[in-house]
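Just so it is clear, the values below take in all heavy atoms, side chains as well, and ignore hydrogens, waters and symmetry mates. Chain letters run A, B, ... following the sequence lines, proteins first, then strands; residues in each count from 1.
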Amino acid sequence: MDAATVPALHDAVLRWYDDHARELPWRGTAASPWSVMVSELMLQQTPVARVLPVHAAWLERWPTPAALAEESTGEAVRMWGRLGYPRRALRLHAAAVAIVARHDGEVPTSYDDLLALPGVGDYTASAIASFAFGQRHVVLDTNVRRVLARTVSGVEFPATAVTRAERDVATSVLPDDEATAATWAVATMELGALVCTARQPSCDACPVADLCAWRGAGFPAYDGPPRRGQAWAGTDRQCRGRIMALARETASSIGAAQVEAAWPQAEQRERCLAGLEADGLLTQVTPGRWALPG
DNA sequence: GACACGTGGGC
DNA sequence: TGCCCAAGTGT
């Protein structure tokens with residue numbers, strides 16, 4: 001995409017966002033930085049629809065980092081419910097503790113300080129700095145990567161991992177103005193989430209269809225390396241999930257017989273129990289009994 | 001850089 | 001009906 005086209009891309013996407021943005025509780029001027037941060041951790045690899053109720057309950061119970069920091073990690077894991085990847089709940093709790101210890105209880109505003117928090121990587125640090133504090137950052141999530149791959153690079157999907165070239169493209173189309181850049185970040189994400197979707201993009205409803213490189217090239221099929229799915233049946237992940245579901249549903253502690261009923265295969269069951277303990281998701285309260293960490 | 005890490009909805 | 005995918009991070 002030549003540089004002369006970039007302003008048209010900005011105008012079309014920003015105008016579209018102005019008309020089509022979803023009203024989400026972590027968006028808008030009323031949302032606190034903490035609300036934004038909680039949403040970002042929850043949204044990692046997790047659809048918006050499933051995050052909404054948990055985010056609301058979480059903010060009601062722990063409206064500040066300090067409130068969460070005073071709570072046990074086990075309560076955080078229980079509150080996390082069925083969002084998946086429960087280690088994120090531990091990381092969010094640890095981040096709250098760090099925010100109290102290092103930042104006087106306020107979500108830090110700089111990318112570097114955010115990046116230093118548990119559970120916050122490049123994407124999340126950029127997203128919080130951009131969405132909560134209006135800063136200018138390249139925010140490269142799966143939606144933005146797909147939108148840029150198609151509109152600018154002319155391919156259906158981006159590479160497996162973020163490449164230098166890809167980051168250069170994202171930087172080259174980032175608006176210069178700080179506030180505009182922040183809106184651009186959320187707008188391109190929204191476009192990827194609602195229109196330029198992975199499986200069936202709605203090109204008819206796309207504001208940048210007429211300047212999309214992928215469309216202009218006739219929608220060439222993806223020719224990169226196979227994108228392997230995640231194994232599930234019979235894996236440790238499934239076993240861990242079963243055990244954690246049991247622990248969440250049980251007010252006190254779970255016993256060996258319950259765990260065995262949930263996962264009969266002994267060797268794998270023991271390995272997963274040990275792994276969950278090592279991760280801090282479970283503690284052994286007495287021999288043969290486990291509970292969420294108190 | 002590859003892999004582990006949960007869960008459930010949509011096509 | 002399975003397979004693919006969803007605002008990634010840590011090791």
* Asked: With distance as the sole test, does A/Asp104 use its side chain to make a donor-acceptor pair with the main-chain N or O of A/Glu106 at under 3.5 Å?
  -> no

* Does any N or O donor sit under 3.5 Å from an N or O acceptor when you compare the side chain of A/Thr46 with the base of B/dG6? -> yes

* To do: Measure the distance from CZ on A/Arg237 to C1' on C/dG8 and round it to the nearest whole Å.
  => 12 Å

* To do: Would you please confirm or rule out a distance under 4.0 Å between OP1 or OP2 of C/dC5 and any side-chain N or O of A/Arg50?
  => no

* Asked: Does the C/dC4 base have a donor-acceptor partner in the side chain of A/Arg199 within less than 3.5 Å?
  -> yes

* What's the CZ-P distance between A/Arg82 and C/dA6, to the nearest Å? -> 22 Å

* Asked: Is any side-chain nitrogen or oxygen of A/Gln45 closer than 4.0 Å to OP1 or OP2 of C/dG8?
  -> yes

* Between A/Arg87 and C/dT9, does any side-chain N or O lie under 4.0 Å from OP1 or OP2? -> no

* **Hydrophobic cluster identity match, A/Leu115 and A/Val139, side-chain contacts under 4.5 Å** => no

* Send over the distance from A/Glu166 CD to B/dG1 P, rounded to a whole Å. => 12 Å

* To do: Assert yes or no for the condition that the ring centre distance of A/Trp34 to A/Trp62 is strictly below 6.0 Å.
  => no

* Asked: Between the side chains of A/Tyr123 and A/Glu40, is a donor N or O closer than 3.5 angstrom to an acceptor N or O?
  -> yes

* How long is the line joining CG of A/Asp122 and C1' of C/dG8, in whole Å? -> 10 Å

* Is the closest side-chain donor-acceptor distance between A/Ser72 and A/His93 under 3.5 Å? -> no

* Structure fact -> From CD of A/Gln44 across to P of B/dT7 the rounded distance in Å is 16 Å

* To do: Nearest whole angstrom, please: distance from the C1' of B/dG6 to the CG of A/Leu92.
  => 17 Å

* Structure fact -> A/Ile243 CD1 to B/dT7 P, in whole Å, measures 11 Å

* Asked: NA contact type, A/Trp80, heavy-atom cut-off 4.0 Å: base, sugar-phosphate, or nothing?
  -> nothing

* To do: For A/Trp232 and C/dG2, give me the distance from atom CH2 to atom P, rounded to whole Å.
  => 17 Å

